[in-house]
Amino acid sequence: MGTRFCTAVFGILESHEEEGFTVTVATGGHPPAYHLRGQGVVEAVHPKGGMLIGALEQARFASHTFHLAPGEGLLLYTDGLTEARTADGDMIGEKGVTGFLAARTAPVSAAAIIEDTVALIDNLPHGAGDDVALLALSVAHADTAATDGLTATATAHTIAPAGETPESRP
């Protein structure tokens, strides 16, 4: 067993024959991704069996494939989001992230998902206690897609813990 380990998430996005994309997400001990279907419907994408990378010699990784349709989005993030603390001192946790995403009223667009998630962290009493990396993908409806055929957008954002700058990290 190793003394150093990490988590990882890997995804493949393939054009679906009719519309949207087929997404395959594979994980090694990483927090679940979230599939936002719109109108408050949120599903955790948590492949069963993904193990930490480096913790075990015979680690196994798991994958899950699903359809990302027009008007839907996907959020990937690091554990700094789930470990951020509320005013009561409790970690947000996966249940809190799911509830937050389900309560969103903004459109399911990559930019809006990131903006709302950053606002959530900014409104916590101590911000993020650990670094947070966010990546959101969304699929536009056919009537709003660009004329060049691009129907998916991605937005990413990183947050350093309060009072920390990249220069102050070891």
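N123 places a side-chain N or O within 3.5 Å of a backbone atom of A119 that can act as its donor or acceptor partner. Panel note: side chain T155, backbone A136; no donor-acceptor pair is recorded below 3.5 Å.
Between L74 and A33, the closest heavy-atom pair is CD1-CB, 3.9 Å. Minimum heavy-atom separation, R104 to L36: NH1-CD2, 3.8 Å. Shortest non-hydrogen contact noted between A8 and H30 is O-CB, 3.2 Å. Of all the heavy atoms in G71 and V108, the pair that sits closest is O-CB, 3.4 Å. G54 approaches F5 most closely through the heavy-atom pair C-CB, 4.1 Å. What you find for A106 and A112 is that their closest heavy atoms are CB-CB, 4.3 Å.
Side-chain contact annotation: S138 with S109, donor-acceptor N/O pair under 3.5 Å absent.
Looking at residues two or more places apart in sequence or on another chain, you find a side chain to side chain contact (heavy atoms under 4.5 Å, CB included) between A69 and H67, E72.
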Practice task
Test side-chain contact (heavy atoms from CB on, under 4.5 Å) on L81 and F100 and set out the steps.
Solution key: CA-CA 12 Å; L81 176 60; F100 160 73; over 6 Å; no
Exercise for the section: Any chance you could lay out the side-chain contact (heavy atoms from CB on, under 4.5 Å) test for L137 and T153, step after step, and finish with the verdict? Expected result: CA-CA 6 Å; L137 307 170; T153 58; over 6 Å; no
Exercise for the section: Dump the intermediate steps for side-chain contact (heavy atoms from CB on, under 4.5 Å) on Y34 and V97, then the final yes or no. Expected result: CA-CA 9 Å; Y34 285 99; V97 174; 3.5 Å; yes
Practice task
Test L120 against D116 for side-chain contact (heavy atoms from CB on, under 4.5 Å), laying out the working first.
Solution key: CA-CA 6 Å; L120 168 71; D116 290 350; over 6 Å; no
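For the atom pair CG (D130) and CD1 (I159), the distance works out to 11.0 Å, reported to the nearest 0.5 Å. With rounding to the nearest 0.5 Å, the separation of CG in L13 from OG1 in T22 is 8.5 Å. We find the NE2-CG distance between H35 and L68 to be 5.0 Å, quoted to the nearest 0.5 Å. One finds the NE2 atom of H46 at 6.0 Å from the OG1 atom of T27 (value rounded to the nearest 0.5 Å). The NE2 atom of H157 sits 14.5 Å away from atom CD1 of I113, with the distance rounded to the nearest 0.5 Å. To the nearest 0.5 Å, atoms CD1 (I121) and NE2 (H126) are separated by 14.5 Å.
Both I114 and L124 belong to a single network of hydrophobic side chains, linked directly or stepwise wherever heavy atoms of I, L, V, M, F, W or Y lie under 4.5 Å apart. A continuous path of ILVMFWY side-chain contacts below 4.5 Å connects L76 to F66, so both sit in one hydrophobic cluster. By the criterion of side-chain heavy atoms lying less than 4.5 angstrom apart, applied directly or through intervening Ile, Leu, Val, Met, Phe, Trp or Tyr residues, V118 is grouped together with V132 in one hydrophobic cluster.
Contact of the V9 side chain with the V25 side chain is registered, since non-hydrogen atoms from C-beta on lie closer than 4.5 Å. No side-chain heavy atom of P70 sits under 4.5 Å from any side-chain heavy atom of F21. You'll find the side chain of L52 reaches within 4.5 Å of the side chain of T7, heavy atoms only.
The side-chain contact (heavy atoms from CB on, under 4.5 Å) with L75 is formed by just one residue from the set L135, T117, V42; it is T117.
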